[in-house]
Amino acid sequence: MTRIGLVVNPVAGLGGRVGLGGTDGPDRPRVALSLGARPQAGARAAAALGELAARAGGPARDGLLVVTAAGPLGADSVAAAGLADRIVYAAAAGRDTTAADTAAAVRAVVAEDVGLLLFAGGDGTARDVLGALGNVHCPVLGVPTGVKMHSAVFAVGPRAAGEVAAAWLGRTGGVRLRDAEVMDRDEDALAEGRVTSRLHGWLPVPDVPVRVQQRKTGSTTVSPEAVGGIAAEVAERVGEGLLVLGPGSTTRAVAAALGADVSLTGVDALALRPGHPPRVVARDAREDTLLALGPAWLALSPIGGQGFLLGRGNQQISPRVLRAAGGREHLLVLCTEAKLAALGGRPLLLDTGDDALDAELSGHLPVITGRRRTSLYRLAM
Amino acid sequence: MTASHAPVSVSPEEARIAPKPRLRRFQQASWDEKLIFELGSPGERGVLVPAADPSVPMPAIPAALRRAEPPALPEMSQQQVLRHYLRLSQENLGADLNIDVGQGTCTMKYSPKVNDQFVRDPRIAALHPLQDEDTVQGVLGIIHSLEQLLKEISGMDRVSLQPGAGSAAIYTNVAMIRAHFAARGELDRRDEIITTIFSHPSNAACAKTAGFKVITLHPDADGYPDIEALRAAVGPRTAALLITNPEDTGIYNPRIEEFVRIVHEAGGLCSYDQANANGILGITRARDAGFDLCHFNLHKTFSTPHACGGPAAGACAVTEELAPYLPRPTVEFDPATGMYRLDDDRPESVGKMRPFYGVVPNLVRAYAWIMSLGAEGLRAAAETAVLNNNYLLHKVRQIPGVSVPYAAGRPRVEQVRYSWEKLHEDTGLHSEDLGLRAADFGTHYWTSHHPYVVPEPMTLEPTESYTRADLDEYAAILAEIAREAYEDPETVRTAPHRSTIHRVRPEALDDPATWAVSWRAYRRKVLGEAGR
Ligand SMILES: Cc1ncc(COP(=O)(O)O)c(C=O)c1O
């Protein structure tokens, strides 16, 4: 019997599409739900298990036992993937689950001698797992379902998580463990206007290159010359029209170069007109606000060292928003050469939650690196 | 000591013939010397030039060329001047002083001193560019002959030696590409130039300066320019591909012919940056890979030498089709009269790239160097450069903390871009720190062009000039620095300790407002004196 652990944080990622940011803290999930957010952590965990089962195949699949917690904390996802479970923890009935439930579930699951602990959540969940494990050594892998994912413990997507888990459990392809950083947004730095993350510790993660998300580097100062050139190019391409700016230090600097005052971590929309200062049409916009804008140019910049373009910290720019804006043709990817080079050849990553759209957006895309300058760079899911 | 600190493995045979190099106890002079403008005193002078005999008729200097006031030069005796510059020379690490393999991509080969004697000979040094052609037949003959040699070396049909450096040659090539499409009425449609991130950044810069949009390709997993990206980039807007091969990684792109074919099929031209030609001289040629244009840096490959940012010399070579656009004047030979002449009547020419005709002293040096080696000698130089590089590669890759990114297991051509990423992860030290520590051993190295695609980079190019003992010593210095980095990182972090080279704040280099490149600018910006 191969035992694998699963703990799901059911509220992870709720805040993304409704523009709330992370759901750490007691009230946030409720607010997100009231704004129309739909839980997705469970479904993404099920997708990871499905991939694992498919890769394990036949007898191995039958020999797979998922040790987990009751209901939305894991068992629901195991059932959805059609695998056998063993439930070792249940949250008290009649109240919302909290970080304490995650911690208790983790402790109960790893006590069962699992070969790998899968958890579904974001940076906040990763910190809870780190704290709950204490000195217990258990290989861990994150299924990315959060809003903020600065940690290096996540696979690049749910399917990739299944693939890495299968490789680890089957020990094919010489998979080893490596210590991966657990990071979370540094709220102190954010208050000072810098997006950076704080290191909280390390978790042992199966080391399968590319399929495991790289650690986010702090936003390096973006040189004014490079950004001025990028801003000029963006203004030229947009001409008269709407420009939606995703979060990120490059997009922020471009907005500043265009003369617009925008939010630091949210999604904003500007109306541009040659010869006129830009007008802020929406600040910290939610998915529905963006949908109402209609056709627009979408300016995105990849997240630091990880290279995520869509699906990390900008879930408001949802598949529907992307399609309504005009798809690939209306995507302006902005990145300085230096930041692109720091990706070490890894592609820019897409995880919109819509595989068909991710596939459509994949391939080589001209990334704007300056005025009249592009770098042809690969986007991949 | 952990396993990663295991001593460099040496075969018994190697140990027998290569004694362990001794690390020098280097200590550089430090003179705390003032700027020359701060030295001297009013009325002090070196030589008194005798007044002209009143009986000698002196042509009047045109009024427009005469100064109203004498220049504000420092007033000093000859001895003071000599001492000043001798002191400065003791405070740097010139190419004739250190084992200069660390200045990768610059091909710091030894430049024979006899070639300098030719240049200082009055028959060259006393020439004036405005002299009548009839009186400079010798130097025109040298230029013409050098062009013929470079035609043979590149496989191209015509050569221009006018550009003053490699980047000027790249610009000349881009200007010819622009002229070519302008003549065909296609310039408004073909406004994109493709290059690669590991090609020298002057390629992108020149293309942009000439008004083209620039598309940069990134490497694939093996470090080769990504051919799929090229396919995605080419189209009816493609004017040209500007590419280096081997690129700055020292990796030869085996699909270079396919690159050229893809661009040609889209109707674009292909220009080969051959500034990295030192490992392929006499082995392969731009024309053989299908290129339409190429350029060489005479001050690298052809030993003129690279010096400290000049003087340089670039050579452009093109096919017959592009020859009408070459800079003017061209040097022509008339077999009927046996005379050389300058041809300025070239209506389709891109014009002049610099005043007069090329950096003549460097053309003489390059000519002398090629003629002294001959065809076989050139090939032997290339082969030795490649051998030296791969020998050094073999030694350096055994140093803990170093890796050789891309194209695993394949040899490199004439240089290697190494990475200290592992050492950085283990110790927190950066490649720049190690390079500065190297100054304490009387040498140095260069990291890489920006942006750093290879993390914590180091680029070494040993050329054909250095002996095995030199390379052993250089590798031993790097091994020692790596050992220190693991065992005593503070010493490396605060280096240099025995050298006059200092740590500079790199941010200042990025900010033109802080640059003071003249005494006047120094007084204004640094000393804060107004009105200058
Ligand atoms: C490959 C390559 N191309 C072009 C250049 C530019 O030449 P230059 O410095 O003479 O302008 C260099 C510099 O050495 C180079 O290495």
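Computation of the quantities below employed the complete heavy-atom set of this structure, encompassing side-chain atoms and omitting hydrogens, waters and symmetry-equivalent molecules. The sequence lines fix the lettering, A, B, ..., with proteins before strands; numbering per chain opens at 1.
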Original post:
Would you say the side-chain atoms of Lys208(B) pair up with the backbone N or O of Arg371(A), donor to acceptor, closer than 3.5 Å?
Top reply: yes

Between [atom1] of [X] and [atom2] of [Y], what distance do you get to the nearest 0.5 Å?
| X | Y | atom1 | atom2 | value |
| --- | --- | --- | --- | --- |
| Ile197(B) | Thr369(A) | CD1 | OG1 | 8.0 Å |
| Arg372(A) | Ile193(B) | CZ | CD1 | 11.0 Å |
| Ile215(B) | His364(A) | CD1 | NE2 | 12.0 Å |
| Leu376(A) | His218(B) | CG | NE2 | 9.0 Å |
| Glu337(A) | Thr216(B) | CD | OG1 | 5.0 Å |
| Thr374(A) | Glu192(B) | OG1 | CD | 7.0 Å |

Original post:
Counting only heavy atoms not in Glu265(B), do more than 12 fall under 6.0 Å of its CD?
Top reply: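 Atom CD in Glu265(B) is crowded, with more than 12 foreign heavy atoms closer than 6.0 Å.
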
Subject >> Minimum heavy-atom distance between Ala338(A) and Pro451(B), given as atom pair plus value >> reply: CA-CB, 3.5 Å

Original post:
Can you say whether Asp226(B) sits under 4.5 Å from chain A via the side chain, the backbone, both, or neither, judging by heavy atoms?
Top reply: side chain

